[in-house]
Amino acid sequence: MAKPINENKIVIFSGAGISAESGLQTFRDSDGLWNNYSIEDVATPKGWEKNPQLVLDFYNQRRREAAKAQPNLAHCALVDLEKKYEVIIITQNVDDLHERAGSNQVLHLHGQLCQARSCATGQVYHIGSDDITLESRCDQGAQLRPNIVWFGEQVENMNLASEHIKTAARILVVGTSLSVFPAAGLLKKARNRAEKIIVSLDIDSRPYGYRWLRGKATENVPHVINLWVENKRIFPK
Ligand code: OAD
């Protein structure tokens, strides 16, 4: 039997667009990372096998940029919601801007830049803003790699994310093209009567039942949060 909706639960599902106004490049916008780098080269296990230095350079650069960036008004507005609701942030982002804004429950689907992982044991290490090099080793002496989920690898926290989406009364999707699966497929698990909003500059398609607020995260997210704090709907039923 389906678990009942938790009227007090809000799920935020975020992507690169929420960090764009903090100065971090998205992937698929016209100035996005995937216009300058090949996914095969820097975001697949094959790319790592072929040229680990190139992969390390790519993520070292991302890590340095993320460390310099500051949370923006959209990240910060989400923290206010926690005063009134149980807020679960499910993010495809590998930066830590949600955590640095002060959000307490953040599930990363695609890994985290501030972590490295042993190629031999899978053990995860916190590395902060440090580079990973070809000399970086785990306790067992094996090479460390970025703790990033590459294409073809297992997405993290899927079951937990799915449970939260199934029981949320409100869902806010921010700054994602919804083009990467299985992450994007999670949104279909939302309940019919949950209020479901997408904030984004642009979208190709949206899952059934989601309403689109077109525009910047720093403008639209605080707007949504203000209404939800007052227990109001964004669109009338
Ligand atoms: P994308 O680059 O695919 O999409 C970014 C979305 O954010 C687009 O829909 C933009 O319209 C929107 N956007 C850009 N600036 C915005 C702003 N200021 N305010 C609101 N919306 C804005 O990024 P993701 O959907 O996060 O995975 O990409 C998903 C995954 O693809 C990433 O996690 C990454 C990538 O390959 C891996 O590397 C495994």
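Computation of the quantities below employed the complete heavy-atom set of this structure, encompassing side-chain atoms and omitting hydrogens, waters and symmetry-equivalent molecules. Atoms within each ligand, like the ligands themselves, are counted from 1 in listed order.
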- Note on the structure: protein heavy-atom neighbour closest to atom 10 (C) of ligand 1 works out as Asp29 OD1, 3.3 Å
- In plain terms, say whether Glu195 and Lys232 are close enough for a salt bridge, that is, a side-chain N and a carboxylate O under 4.0 Å apart. no
- What part of Val149 sits under 4.0 Å from ligand 1 if we count only heavy atoms: the side chain, the backbone, both or neither? backbone
- Note on the structure: Looking at Ser14, Gly17, Ser19, the heavy atom closest to atom 13 (N) of ligand 1 belongs to Gly17
- Is there a donor-acceptor contact under 3.5 Å from the side chain of Asp95 to the main chain of Ala66? no
- Message: Students should be able to answer this: which protein heavy-atom is nearest to atom 25 (O) of ligand 1, and at what distance?
- Response: Thr176 OG1, 2.7 Å
- Message: If we set the cut-off at 4.0 Å for heavy atoms, which region of Ala20 has an atom near ligand 1: side chain, backbone, both, or neither?
- Response: side chain
- Which of parallel (below 30°), tilted (30 to 60°) and perpendicular (above 60°) describes His75 and His98? perpendicular
- Message: Do the side chains of Glu65 and Arg62 get close enough for a salt bridge, i.e. N-O under 4.0 angstrom?
- Response: yes
- Message: Donor-acceptor pair, distance only, cut-off 3.5 Å: does the side chain of Tyr210 make one with the backbone of Lys188?
- Response: no
- Message: Under a plain distance cut-off of 3.5 Å, with no hydrogens placed, do Glu99 and His108 share a side-chain donor-acceptor pair?
- Response: yes
- Task: Please check if any side-chain donor atom of Glu82 sits under 3.5 Å from a side-chain acceptor atom of Asn104, or the reverse.
- Result: yes
- Message: Which of the numbered atoms in ligand 1 are under 4.0 angstrom from any heavy atom belonging to Lys216?
- Response: 19 (N)
- Task: For Gln140 and Ser118, indicate whether the former's side chain and the latter's backbone hold a donor-acceptor pair under 3.5 Å.
- Result: no
- When distances are taken from atom 26 (O) of ligand 1, the protein heavy atom at minimum range is Ala16 N, 2.8 Å
- Item | Atom indices of ligand 1 within 4.0 angstrom of Gln92 heavy atoms, with elements | 29 (C), 33 (O)
- Note on the structure: Counting from 1 in the order shown, the ligand 1 atoms closer than 4.0 Å to a non-hydrogen atom of Phe151 are 36 (O)
- Should the pair Trp34 and Phe27 be assigned to parallel (<30°), tilted (30 to 60°) or perpendicular (>60°) ring geometry? tilted
- Query: What residue and heavy atom of the protein are closest to atom 27 (O) of ligand 1, and at what distance?
  - Reply: His110 ND1, 3.4 Å
- Query: Just which atoms of ligand 1 are under 4.0 Å from any heavy atom in Glu21?
  - Reply: 17 (C), 18 (N), 19 (N)
- Measure the distances from the heavy atoms of Trp34 to every atom of ligand 1 and state whether one is below 4.0 angstrom. yes
- Query: Which ligand 1 atoms are under 4.0 Å away from a heavy-atom of Gly215?
  - Reply: 19 (N), 20 (C)
- Item | Shortest protein heavy-atom distance from atom 30 (C) of ligand 1, along with the residue and atom involved | Val180 CG2, 3.7 Å
- Note on the structure: Among Ile18, Thr44, Asp202, the residue with a heavy atom nearest to atom 9 (O) of ligand 1 is Asp202
- Query: Going by distance only, is there an N or O of Ser179 that falls short of 3.5 Å from an N or O of ligand 1?
  - Reply: no
- Query: Is the NZ or CZ atom of Arg233 both under 6.0 Å from the centre of the six-membered ring of Phe235 and within 45° of that ring's axis?
  - Reply: no
- Task: Return the option from Arg28, Gln25, Arg214 holding the heavy atom at the smallest distance from atom 28 (O) of ligand 1.
- Result: Arg28
- ligand 1 contacted by Ala43 (non-hydrogen, < 4.0 Å): no
- Around atom 1 (P) of ligand 1, find the nearest protein heavy atom and jot down its residue, atom name and distance. Ser177 OG, 3.6 Å
Can you give me every donor-acceptor pair (side chain of residues 165-179, partner residue at least two apart or in another chain, under 3.5 Å) with its distance?
{"unit_1": "Thr167", "atom_1": "OG1", "unit_2": "Lys9", "atom_2": "NZ", "d": "3.0"}
{"unit_1": "Thr167", "atom_1": "OG1", "unit_2": "Glu163", "atom_2": "O", "d": "2.9"}
{"unit_1": "Thr167", "atom_1": "OG1", "unit_2": "His164", "atom_2": "O", "d": "3.3"}
{"unit_1": "Arg170", "atom_1": "NH1", "unit_2": "Tyr85", "atom_2": "OH", "d": "3.4"}
{"unit_1": "Arg170", "atom_1": "NH2", "unit_2": "Asn231", "atom_2": "OD1", "d": "2.8"}
{"unit_1": "Thr176", "atom_1": "OG1", "unit_2": "Gln92", "atom_2": "NE2", "d": "3.0"}
{"unit_1": "Thr176", "atom_1": "OG1", "unit_2": "Leu178", "atom_2": "N", "d": "3.0"}
{"unit_1": "Ser177", "atom_1": "OG", "unit_2": "Ser179", "atom_2": "OG", "d": "2.7"}

- Task: Heavy-atom contacts with Gly15 under 4.0 Å: which atoms of ligand 1 show up? List them by number with element.
- Result: 26 (O)
- Message: Do Ser22 and Gln70 pair up side chain to side chain, a donor and an acceptor below 3.5 Å, judged on atom types alone?
- Response: no
- Message: Regarding Ser162 and Asn159, do their side chains bring together a donor and an acceptor under 3.5 Å, going by distance alone?
- Response: no
- Distance from atom 5 (C) of ligand 1 to nearest protein heavy atom, with residue and atom: Gly175 O, 3.7 Å
- Query: Tell me: protein heavy atom nearest atom 19 (N) of ligand 1, and distance?
  - Reply: Ala217 N, 2.8 Å
